[in-house]
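Read the structure below first, then the notes.
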Amino acid sequence: MRANLAGKWPTAERGHRRDAGPHTITADRARRESAVAVAAAPAKPPAARRLEAHPIAELVARRLAAGVLTLLVVSVVVFLATQVLPGNAAYAVLGRSANPVRLHALERQLHLDRGIFEQYWLWLSGLFTGRLGTSLANGQSLWALVQPRLVNSAVLVFVTGLIGAIAGVALGAVAALRKDSWFDHVTSVAALAVTALPEFVVAIALIILLATVVAHLLPAVSLLPPGTYAWSQPKLLILPVATLVIVIVPYIFRMMRAAMIEALESDYVEMARLKGVPEWQIVLAHALPNAIAPTIQVIGLNFLYLAGGVVVVEFVFNFPGIGQGLVFAVQNRDIPVIQFIVLVLAAFYVVMNIVTDVIALLATPRRRIAR
């Protein structure tokens, strides 16, 4: 019976093919030719495929495009906001010596007699061509006025961010390794308490403890001589940096502790322990790399916070940075300085967002490889 079935099967198949119409034969031939063409087509080299679909290049391109659009929107908002401020910029510059003739001449010099769209274009094109203008308060070049403050604030932000990141990651990892111990409970409660304190409260408390009432170890204000930068007198940086570090460490600590606990309780860590892998190798090679990726996002957010948080701290310690310069510019209604500083802070936000996302992508192996 099997022989009969075996003998009949090819006949039935041939009969089926014989009874098939011309359209079926044409479709079969087209499929075969298509498969041959696909097999014969030259494949793209691996390097070209990697360059074409690499997630980091795609991320940077998308974020740069969004960042340029964001800066354009911020420039429009800042310009319109400074235009609707009460009073007249020319009158604010001249003060009591203002008279109609001098007022009209200064308005023409500052392009205040032109339309708002023309004023915006003149200001925006000046930023792109390097013609930043001058300060209305003292007539000094805008770049010469802002550049030293910008450098001082950059030193303050990056020193604070570096120390805060190292301290937060280290404390969070140790608290996760000693979960439910006295160290874990004390650091968690302290971190929760510090997050409720604003910057100026921490700054004043440090001044009382280390500079005025309790001890006289450090200067209460961070006055720098004109023409000098923050690194020339590191002692003046201690209190401002300590204030900002105390403010940002709890957020990094809490995220690192939670991510580390989750990594230590994961299946791959349990498997590594069952295989007899040393505990230090489990922590450094398995748990820490997987816990650091979400923590990097929090570190980046803290850098963005520092860009705005330095305003209060610099004002309290009289530190000559960009935050103090912004406060003085608002008090003096120095519109060009306000516009430039706000744009610089917005550009810092855009760049730090891109850098943080790229570092987080690099810290996640399964996401940084092109598919």
Side-chain angles (χ1 to χ4, degrees), residues 146 148-172 187-224 229-231 233-256 295 297-331 337-338 341-342 344-349 352-353 356:
V146 174
R149 295 183 175 275
L150 190 61
V151 173
N152 289 333
S153 291
V155 172
L156 180 60
V157 167
F158 284 104
V159 170
T160 300
L162 182 62
I163 296 174
I166 295 173
V169 168
L171 289 174
T187 51
S188 298
V189 171
L192 188 61
V194 171
T195 53
L197 299 177
E199 303 95 331
F200 69 91
V201 173
V202 178
I204 294 173
L206 289 180
I207 291 173
I208 293 173
L209 290 174
L210 301 176
T212 55
V213 179
V214 179
H216 298 274
L217 303 175
L218 297 169
V221 293
S222 301
L223 288 172
L224 287 172
Y229 293 101
W231 57 77
Q233 298 189 35
K235 193 174 182 180
L236 300 179
L237 279 172
I238 295 177
L239 282 183
V241 168
T243 301
L244 293 172
V245 165
I246 291 173
V247 171
I248 68 170
V249 161
Y251 300 98
I252 303 173
F253 162 80
R254 295 176 68 185
M255 175 55 73
M256 186 64 194
T295 309
Q297 298 286 348
V298 177
I299 293 172
L301 290 175
N302 277 292
F303 270 101
L304 299 180
Y305 161 77
L306 288 173
V310 293
V311 176
V312 177
V313 173
E314 288 179 359
F315 189 75
V316 171
F317 289 102
N318 206 10
F319 184 81
I322 198 170
Q324 187 195 60
L326 182 60
V327 173
F328 289 163
V330 172
Q331 290 176 350
V337 177
I338 298 173
I341 290 178
V342 172
V344 168
L345 293 177
F348 178 75
Y349 269 69
M352 277 306 303
N353 269 313
T356 301

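No hydrogens, no waters, no symmetry mates; every other heavy atom, side chains included, goes into these values.
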Which word best sums up how the rings of Phe328 and Phe315 line up, parallel for under 30°, tilted for 30 to 60°, or perpendicular for over 60°?
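If you compare the ring of Phe328 with that of Phe315, the planes turn out perpendicular.
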Measuring from atom [atom1] of [X] to atom [atom2] of [Y], what distance do you get when rounded to the nearest 0.5 angstrom?
X: Gln324; Y: Asn318; atom1: CD; atom2: CG; value: 5.0 Å
X: Ile252; Y: Leu171; atom1: CD1; atom2: CG; value: 10.5 Å
X: Thr243; Y: Leu156; atom1: OG1; atom2: CG; value: 9.5 Å

Selection residues 302-312 - residue pairs positive for side chain to side chain donor-acceptor pair (under 3.5 Å), sequence neighbours left out:
Glu199-Tyr305
Does the side chain of Thr160 come within less than 4.5 Å of Val247's, by heavy atoms?
no
Got Val151 and Trp231 here, is their nearest side-chain heavy-atom distance under 4.5 Å?
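When only atoms from C-beta onward are counted, Trp231 and Val151 do touch, with a gap below 4.5 Å.
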Tell me if a side-chain donor or acceptor on Ser153 pairs with a main-chain N or O of Leu150 at a distance below 3.5 Å.
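No, Ser153 side chain to Leu150 backbone: no donor-acceptor pair under 3.5 Å.
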Exercise: identify the closest heavy-atom pair between Leu236 and Pro219:
CD2-CG, 3.5 Å
Testing the basics here: between Ala220 and Thr212, what is the closest heavy-atom pair and its distance to 0.1 Å?
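That closest heavy-atom pairing would be CB-CG2, 4.2 Å.
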For Met352, I'd like to know if atom CE has over 12 heavy atoms of other residues, nucleotides or ligands within 6.0 Å.
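Yes, the 6.0 Å shell around CE holds more than 12 heavy atoms from other groups.
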Near Arg254 CZ, under 6.0 Å, is it more than 12 heavy atoms from other residues, nucleotides or ligands?
no
